[in-house]
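The structure appears below as structure tokens.
For clarity, every value in this text was computed on a predicted model and none was experimentally measured. In the text below, chain A, chain B and the rest are named by the order of the sequence lines, each starting its count at 1.
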2 protein chains.
Amino acid sequence: MKEVTLKQIAENLGISITTVSKALKDYPDVSKKTKTLVKQEAKKLRYKPNVFAVNLRTRESKTVGLIIPEVVHHFFSSVINGIIEQAEKKGYLVIILQSNESYKLEKKQVDLLISKRVDGIMISLANKTVDISHLKRVKELEVPLVMFDKISKLMDCSKIIINDREAAYTATKHLIDSGCKRIAHFRGALLPQNSIDRFLGYKKALEDHGITYDSSLVYICENVDYEDGINAAKKLLEDHDDVDGIFAITDLAAIGAISVFNERGIRVPDDISIMGFSNWFVSSAITPSLSTVDQPGYEMGVKTFKLLYKEMKARRKNKEFEPKTVELETRLIKRNST
Amino acid sequence: MKEVTLKQIAENLGISITTVSKALKDYPDVSKKTKTLVKQEAKKLRYKPNVFAVNLRTRESKTVGLIIPEVVHHFFSSVINGIIEQAEKKGYLVIILQSNESYKLEKKQVDLLISKRVDGIMISLANKTVDISHLKRVKELEVPLVMFDKISKLMDCSKIIINDREAAYTATKHLIDSGCKRIAHFRGALLPQNSIDRFLGYKKALEDHGITYDSSLVYICENVDYEDGINAAKKLLEDHDDVDGIFAITDLAAIGAISVFNERGIRVPDDISIMGFSNWFVSSAITPSLSTVDQPGYEMGVKTFKLLYKEMKARRKNKEFEPKTVELETRLIKRNST
DNA sequence: CTGAAAGCGCTTACAG
DNA sequence: CTGAAAGCGCTTACAG
């Protein structure tokens with residue numbers, strides 16, 4: 001099938017390519033009559049502009065890049081959802097890349113997106129990301145950039161986050177309020193900011209309520225997943241028989257713990273209370289249903305793209321853009337595990 | 001920051017753009033000395049070819065499109081995973097679009113991908129897709145196309161599927177083998193092929209084992225999700241008190257049913273046995289753990305891209321390509337709900 | 001209101 | 001082995 005080009009239309013109509021181009025884009029200096037003629041012909045031939053040529057001329061790809069640690073993850077899936085929806089509204093396509101929590105891969109992905117000349121990049125950092133030189137490069141090249149959820153405080157760019165410390169504080173306080181005296185924490189890896197912040201919120205809540213912080217009650221869940229939760233729970237049962245509450249960094253880890261307790265006849269919440277984090281929809285499906293903190297993934301996606309869009313718009317007009325940090329609300333959700 | 005172009009390098013070195021271009025691409029008719037010089041300079045200036053120009057010249061975008069009903073879905077997440085991984089290996093980027101199970105949106109997405117000139121398209125149909133004229137157009141334009149999982153039999157293109165009918169048969173037979181006499185089916189919408197096939201597998205299994213098919217035992221779960229499972233289970237309890245087995249079209253629907261039974265003190269599997277479909281990892285985390293059919297999402301993604309790649313390669317060389325249909329193995333997984 | 005011309009940055013057939 | 005030239009399909013400043 002032969003491609004339809006401006007030239008084609010111009011020849012059919014016996015006018016110049018210039019005029020055809022202008023007519024299709026509704027330039028004010030083309031007569032109404034010509035416009036109608038051109039548009040009609042374009043429709044008839046099913047003309048579609050060749051984006052490759054348009055990109056080259058306009059220096060824009062109308063495509064944005066998204067780098068996340070993992071696609072197969074309820075929270076990120078929701079974020080993707082929000083981003084794609086907004087992007088489509090504005091006529092942007094989203095290229096999604098997965099870092100698999102690897103620093104090396106993440107760097108490669110950034111390079112890939114840059115070489116594809118995306119108009120902007122959104123990123124949530126891998127757990128293993130140790131420095132941000134690759135992001136500094138994005139800034140140098142003046143490619144708009146927004147970080148979300150897993151951010152680096154060192155990077156000067158727009159950010160969409162939740163207040164992890166506060167949310168963790170509230171979650172821990174909820175355990176205390178429901179009578180827990182010995183509260184363990186399943187935390188994430190040591191590097192990620194949100195893992196640190198949730199840990200600090202947990203610690204602060206204990207201290208503010210006269211409970212001595214005991215580091216032996218903190219277990220590291222490297223991948224914050226179901227398996228990790230199972231393992232941490234098993235170890236906890238070996239180490240401590242007096243723990244009556246757990247604040248887990250993710251619902252997944254919490255659910256892992258619950259499954260261990262269910263199996264061993266340990267009653268939740270009578271013997272031990274459990275708090276998750278994320279409000280994955282499965283949390284309400286398990287038995288007992290899981291108390292957790294609602295983390296607004298979809299909203300985060302929406303806000304992330306919107307902020308990126310603003311920056312891209314400013315960039316296009318060569319205007320200055322002042323990076324912004326937006327903090328989204330979280331919400332404690334009480335169910336049957338506490 | 002000034003963009004580095006071939007021209008830049010050529011000027012710095014006092015040679016022609018042509019030679020620079022050829023040297024960088026290791027054309028055999030450029031001297032070794034020139035090549036080294038050019039490559040050195042390119043590296044020094046951090047030269048990156050302008051993909052927009054390359055695309056325009058080569059008529060390739062090195063980008064493929066993926067349309068799926070939903071991102072936030074364990075099965076599709078795994079497929080995405082497999083696709084992205086393979087694509088990256090071959091230097092392709094993946095644009096992911098979501099149809100939200102809408103026919104209209106799906107058509108729009110196809111148009112979008114075509115207008116972006118992706119080198120190939122992978123698609124899993126929306127539940128509400130009623131005809132395939134939009135896919136026929138893809139074929140007309142000679143854009144390589146692979147369908148996976150939710151396919152249309154009417155479309156002449158490559159397909160990656162599982163044998164839904166057989167898998168459903170095996171699942172139902174498993175219920176029969178464990179003693180069930182009155183087996184209900186929570187099926188999907190009426191249109192999708194895999195919803196039809198799973199239903200037919202269920203029916204055939206009953207008939208082959210001397211159980212009369214009773215259409216009042218078949219409930220439609222329009223979105224095959226958790227909510228649907230809850231509703232269907234509630235209705236089932238109202239309608240029939242003699243059912244002792246359920247084959248649900250998805251794990252999600254099955255888990256919804258289990259949560260209803262758990263709540264009402266109906267014992268699974270003692271009072272009623274339940275089979276899911278998909279082998280979502282949560283199935284092993286709930287109580288009781290769910291028997292199900294393992295559906296190889298990741299593998300499906302890998303195979304899908306590989307097949308698309310073959311077709312794109314043939315297309316590039318203007319060779320004929322014979323569409324293929326690949327059927328992947330499923331596996332019955334017995335857990336505690338049967 | 002219309003159009004000739006330059007140019008985006010690359011690739012490649014062709015001549016020397 | 002090197003390079004001038006054409007061309008991919010579009011946009012837009014400029015002239016008439």
Length of the line joining [X]:[atom1] and [N]:[atom2], which is rounded to integer Å:
{"X": "B:E3", "N": "C:dC8", "atom1": "CD", "atom2": "P", "value": "12 Å"}
{"X": "B:R117", "N": "D:dG9", "atom1": "CZ", "atom2": "C1'", "value": "9 Å"}
{"X": "A:K22", "N": "D:dT11", "atom1": "NZ", "atom2": "P", "value": "12 Å"}
{"X": "A:L24", "N": "D:dG9", "atom1": "CG", "atom2": "P", "value": "16 Å"}
{"X": "A:F52", "N": "C:dC8", "atom1": "CZ", "atom2": "C1'", "value": "15 Å"}
{"X": "A:K7", "N": "D:dA6", "atom1": "NZ", "atom2": "C1'", "value": "12 Å"}
{"X": "B:Q8", "N": "C:dC10", "atom1": "CD", "atom2": "P", "value": "11 Å"}
{"X": "A:R57", "N": "D:dC8", "atom1": "CZ", "atom2": "P", "value": "16 Å"}

When all nucleic acid strands are considered with a 4.0 Å heavy-atom cut-off, which category describes [X]: base, sugar-phosphate, or nothing?
{"X": "A:D29", "value": "base"}
{"X": "B:T19", "value": "base"}
{"X": "B:Y27", "value": "sugar-phosphate"}
{"X": "A:S31", "value": "sugar-phosphate"}

Judged by modelled atom types alone, do [X] and [Y] share a side-chain donor-acceptor pair under 3.5 Å?
{"X": "B:S99", "Y": "B:S102", "result": "no"}
{"X": "A:T18", "Y": "A:S21", "result": "no"}
{"X": "A:D149", "Y": "A:S124", "result": "no"}
{"X": "B:N55", "Y": "B:E60", "result": "no"}

Would you say [N] has OP1 or OP2 under 4.0 Å from some side-chain N or O of [X]?
{"X": "B:Y47", "N": "C:dC10", "answer": "yes"}
{"X": "A:K25", "N": "D:dT12", "answer": "yes"}
{"X": "B:S21", "N": "C:dT11", "answer": "yes"}
{"X": "B:R59", "N": "D:dG9", "answer": "yes"}
{"X": "B:T58", "N": "C:dT11", "answer": "no"}

Might you work through the side-chain contact (heavy atoms from CB on, under 4.5 Å) test for B:L125 and B:E106, ending with a clear yes or no? CA-CA 8 Å; B:L125 294 182; B:E106 184 179 289; 3.3 Å; yes

May I ask which nucleotide in the shown strands pairs with D:dA4, Watson-Crick or G-U wobble, both distances under 3.5 Å?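 Partner of D:dA4: none found under 3.5 Å.
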
Could you tell me which nucleotide pairs with C:dA13 by Watson-Crick or G-U wobble geometry, both distances under 3.5 Å, or answer none if nothing does?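 Its partner is none (no Watson-Crick or G-U wobble pair with both distances under 3.5 Å).
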
Measure the CG-NZ distance between A:L308 and A:K90 for me, rounded to the nearest 0.5 Å.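 Separation between the atoms: 12.0 Å.
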
For the side chain of A:L6, starting at C-beta, report the closest nucleotide among C:dG3, C:dC10, D:dC10.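 That would be D:dC10.
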
The side chain of B:L56 is closest to which nucleotide in this list: C:dG3, D:dG9, D:dC1?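 It is D:dG9.
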
Assess whether one donor atom and one acceptor atom, taken from the side chain of B:T18 and the base of D:dA4, lie less than 3.5 Å apart.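 Between D:dA4 and B:T18, which were checked side chain against base, a qualifying N/O pair under 3.5 Å is present.
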
Hey, which sits more toward the 5' end of DNA chain D by its nearest nucleotide, B:A53 or B:P28?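 Nearer the 5' end of the strand: B:P28.
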
